[in-house]
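Not measured: the values here are computed from a predicted model. Along the sequence shown, the residues carry numbers beginning at 1. Whatever order the structure lists them in is the order used to number ligands and atoms, beginning at 1.
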Amino acid sequence: MVRRALISVAVLAAVVLALAIGLVYGLRSRNHNNNNTSDFAETWNSPSEFVLSKNFSITHTPTTRTYDWTISQQTIAPDGLERPMLLVNGMFPGPLIEANTGDRIVVKVTNNMVNGTAIHWHGMFQNGTNWMDGTMGVTQCAIPPGQSFTYNFTVPNQWGTYWWHAHSASQYVDGIVGPLIIHSPDEPHLDDYQEDIIMMISDYYHTDSGSLVSWYLSVDSEGTEPIPDNGLINGRHSWDCSLDAQALFPTDSKCTPGAPMSVFEFMAGTTYRVRIINTGAFADFQFSIDNHTLSVIEADGVDMQPVIVQRIPIHVAQRYSVLVHANQSVGNYWVRATMNTECFNAPNPALDEHIKAIIHYAGAPTIQQADSVDWGASGWSPTCVDLSLEMLKPYFAQPAPNATVQIHIATSFQTVRSDHVNLGYVNGTSWTPLMNDTTLYQAQKSITAYDASQLVVTLNSTGVVELVINNYDEGAHPFHFHGHNFYVLGWGGGNYIPGKSPLELTNPLRRDTSTVPSFGYTVIRFVNDNPGLWALHCHIEWHMEAGLMMQIESLPQVIKTFEIPPEMPAMCAFKSSP
Ligand code: C2O
């Protein structure tokens, strides 16, 4: 992030650029003549998809779950404004993957888009199947347009709330996202709820992400990230169409007011497990439900000792499960996912940051309204940080293992390149994806040095790695490490001072995405027992596009023995921009 005073000139230039790029990216403009009144027929989204079926048998007996997906571009209007999006099987959000621990997941992905793609299974350990991680330029080349590729992996030793998303350019921001839920009979809180529902919350943009990235990675943006136009809960929200003219990127697209919000049916007396997933690109949300406290029982697939909050901050790519007791009088109550606009460094006049959905108790009037009131300032954190470490204690306690290696990471944004574009740097390297190769395939061939655009730290032996991340940027960065859960020993403001900054060692939080505060530090540890090339990056999509990513090469001798299906490297022959 870089703060700036004047945005209007840049925005004007950006609009022109965005329009031009929209064409280059092959996005068709919407049909102006469509006066069809069934605009909200919502063939792309059915609320029942987000209620987990009671018919799913939670068992130790492994099975194979097969999915057949086709990704294509389609114009839909999640919040009333039509825009082309990238959809899996015509759905937004995309299809649910639901499995038990130990199951095999097989997903055939057919790419009917004009660009290549890759699908990442966020939070899956992929121990022994690193090549199935779905990260373009790291573990695979893009699936070319018109072709199919079948992902195939097992999910031992983990359960909880995950998600899947495109990991090729910024495609997930245009719709290629969905929930991935793993059950186990061993889950400690299984008997504490009767219903299990998903609430995916995300920021939302009316302009295709390719245009936004091109603007962001130009001098015109002066380092200001694209600011969302709206937010969605399970792909729905309404929007005031009259705001389009004031948007950072006005679209002039067909817009129908009154798009519906998501409604969740509650039965009085029932306890719900609500799985909150931030599938967005940039915004940090504060999540709450009026009149109902949240008992947090899971963070990123790790069971927690229950802790009761009124409001929970959730950054990009993080997940929480909370128990909600339907113990209030029959009525309608607001679900509130409020974007933390303090984390943006420019306003978007088109944005109302108060994203809402409705809890509808059986017997209450069926209206898109509630008269419940917010908890107020309680629990509100303006600083774009995670829930404090003291509150999040893993249910299955584990002390932090002693570190055998320490790696120092410095994150920053700088305009040192000759074109003065503001880019993200990890220890002086700004990542760009390899286009027709991957670091994994290069590691198999034992190349002597990776390209200068790749910061790869090689770990030759098993052990415990301590990562000290110092953030020299004013933006907070939700860092995700592929293939692992890590121990979060501490985070805070300023630089990490060994011996002085407090570390939690007895039962630290474990998760896969943790926010490094603005001008702050985070210290994590992980067990280096998963051979492969693993991305470690800020999950704010704009920041990853700006280069805020590095890789860990774990156990290169084992990587050389990987038997990668030959159709994978074959996809590298396709010359494409992702
Ligand atoms: Cu959610 Cu690199 O991924």
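- Nearest to atom 2 (Cu) of ligand 1, among the N, O or S atoms that H537 has, is NE2.
- Protein N/O/S atoms found under 2.8 Å from atom 1 (Cu) of ligand 1, listed by chain and residue number: H122 ND1, H165 NE2, H539 NE2.
- Electrostatic pairing of R83 and D208 does not count as a salt bridge here, judged by no charged N lying under 4.0 Å from a carboxylate O.
- Screening F486, Y487, F481 against F526 for a ring pair (Phe, Tyr, Trp, His ring centres under 6.0 Å) leaves a single residue, F481.
- N528 places no side-chain N or O within donor-acceptor distance of the main-chain N or O of G463, the cut-off being under 3.5 Å.
- When only modelled atom types and interatomic distance are considered, T135 and H482 share a side-chain donor-acceptor pair under 3.5 Å.
- By the side chain to side chain donor-acceptor pair (under 3.5 Å) test, H237 pairs with N230, sequence neighbours left out.
- Between Y172 and H120, the ring center distance fails the sub-6.0 Å criterion.
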